[in-house]
Amino acid sequence: MTDRKVITEEGQVISKSPPPLPSHIAMIMDGNGRWAEDRGAPREEGHRVGSEVVNRIVRCCRRWGLKHLTLYAFSEQNWGRPVDEVGALMTLLSQYLKEQREEMVERRIQLRAIGDLNKLPSWVREQLLAIIEETSKNQGMTLTLALSYGGREEIIQAIKSITSQVRRGELDPDHIDESMIQAHLYAPDIPPPDLIIRTSGEQRLSNFLLWQSAYAELDFLKLPWPEFTESHLHDACLRFAKRERRFGLTSAQMES
Ligand code: IPE
Ligand code: IPE
Ligand code: MG
């Protein structure tokens, strides 16, 4: 981490130092399809350019020293898209993993995944699990890919797991609390996101981190994901730093 200047891949200097960073940023990378369609290109082209943006943003977050980055790459509901588009997304994911493996190892990024991974084609799942294993001891930044992910589905599986403990007589239902639910999520050790950024102009969560987003700050950007740059991320972090998070308390209480 020698150079912490904020420079785009094209060498443009945005600022001399990284912005104030939250601990965990999560992103809903939306708008690939419309971006391509607006250019008369197939939606897959939007996903391809979108995956290049993922590389840049991951690299940038790592350089700035972010602790946790979570990217919504494919939702549970996205399985319902046309077969060709789903196939193209799986191929892109596989290419991304193949191309980025070395960089993740070198930059000490710990790859994680949340979602129903059993639904992924085995050739992608095996590749994913191998890199997760290979990078599991890395301390640099956690990069969590939400794949085949749904927030409701995550809560349902947590409930199933907790109720099976109750059924076996191992758990008194009166002892179920927030931390127990957290412990049964896909990535219990990762703190909730401080900031959730969504591109494409939509102002919704689309089933992303429903439990974890309870006190996240939300930032909705009009631009589509393929146009998202380090500079937009920088600005989002500055906006985040100006917000007052009160967690149900008053401003005076937060100051004391
Ligand atoms: C986000 O872009 C990527 C995935 C959901 C996989 P979209 O494909 O949703 O693009 P739009 O929202 O249709 O433009
Ligand atoms: C959310 O985007 C999922 C990802 C970005 C991976 P969608 O495009 O699937 O969400 P909706 O359908 O607009 O709510
Ligand atoms: Mg979309």
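Counting starts at 1 for both ligands and their atoms, in listed order. Computed from heavy atoms alone, side chains included, the values below leave out hydrogens, waters and symmetry copies. Keep in mind it's a predicted model, so treat the numbers as computed, not measured.
Proximity of His47 to ligand 1, defined as any heavy-atom pair under 4.0 Å, is confined to the side chain (atoms from C-beta onward). Of the heavy atoms in Arg198, only side-chain atoms (C-beta onward) come closer than 4.0 Å to ligand 2. Using a 4.0 Å cut-off between heavy atoms, Ala73 contacts ligand 1 through its backbone alone, with no side-chain atom that close. Only the side chain of Asn78 comes within 4.0 Å of ligand 2, judged by heavy-atom distances. With a 4.0 Å heavy-atom cut-off, ligand 2 is reached by no atom of Phe208.
Arg125 places a side-chain N or O within donor-acceptor distance of the main-chain N or O of Leu120, the cut-off being under 3.5 Å. The backbone N or O of Asp116 lies less than 3.5 Å from a partner atom in the side chain of Ser148, making a donor-acceptor pair. Between the side chain of Arg245 and the backbone N or O of Tyr215, at least one donor-acceptor pair lies under 3.5 Å.
Between Thr229 and His232, the side chains place a donor N or O and an acceptor N or O closer than 3.5 Å (distance only, hydrogens not considered). With hydrogens and angles left out, the side-chain atoms of Thr135 and Asn138 include no donor and acceptor closer than 3.5 Å. Side-chain polar atoms of Ser136 and Gln110 form no donor-acceptor pair below 3.5 angstrom.
Counting backbone and side-chain atoms alike, Glu202 contributes no N/O/S atom closer than 2.8 Å to the Mg ion (ligand 3).
Residue, atom and distance of the protein heavy atom nearest to atom 5 (C) of ligand 2 are Met29 O, 3.5 Å. Of all protein heavy atoms, the one closest to atom 11 (P) of ligand 1 is Arg34 NE, 3.4 Å. The closest protein non-hydrogen atom to atom 14 (O) of ligand 2 is Ser206 OG, 2.6 Å. Nearest non-hydrogen protein atom to atom 8 (O) of ligand 1 is Arg81 NH1, 2.7 Å. Nearest protein heavy-atom contact of atom 13 (O) of ligand 2 is Arg204 NH2, 2.8 Å.
Counting atoms of ligand 2 from 1 in the listed order, those under 4.0 Å from a heavy atom of Phe74 are 6 (C). Under a 4.0 Å criterion applied to the non-hydrogen atoms of Gly33, ligand 1 contributes the atoms 7 (P), 8 (O), 10 (O), 11 (P), 14 (O). Interface of Ile28 with ligand 2, defined as ligand atoms under 4.0 Å from a residue heavy atom, comprises 5 (C).
Nearest to the Mg ion (ligand 3), among the N, O or S atoms that Asp30 has, is OD1.
For the pair Asp30 and ligand 2, the shortest N or O to N or O distance falls below 3.5 Å.
Not a single heavy atom of Ser200 lies less than 4.0 angstrom from ligand 1. Under the 4.0 angstrom criterion for non-hydrogen atoms, Glu37 is not in contact with ligand 1.
Note on Leu143 and Ile114: separate hydrophobic clusters, where clusters join Ile, Leu, Val, Met, Phe, Trp and Tyr whose side-chain heavy atoms are under 4.5 Å apart, directly or indirectly.
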May I have the step-by-step check of side chain to side chain contact (heavy atoms under 4.5 Å, CB included) for Ser51 and Gln95, ending in yes or no? CA-CA 10 Å; Ser51 83; Gln95 272 169 9; over 6 Å; no

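Other residues, nucleotides and ligands place no more than 12 heavy atoms under 6.0 Å from the CD atom of Glu102. For Glu178, the CD atom is loosely surrounded, since the number of other residues' heavy atoms within 6.0 Å does not exceed 12.
A parallel orientation is assigned to the rings of Phe208 and Tyr72, their planes being inclined by less than 30° (bins at 30° and 60°).
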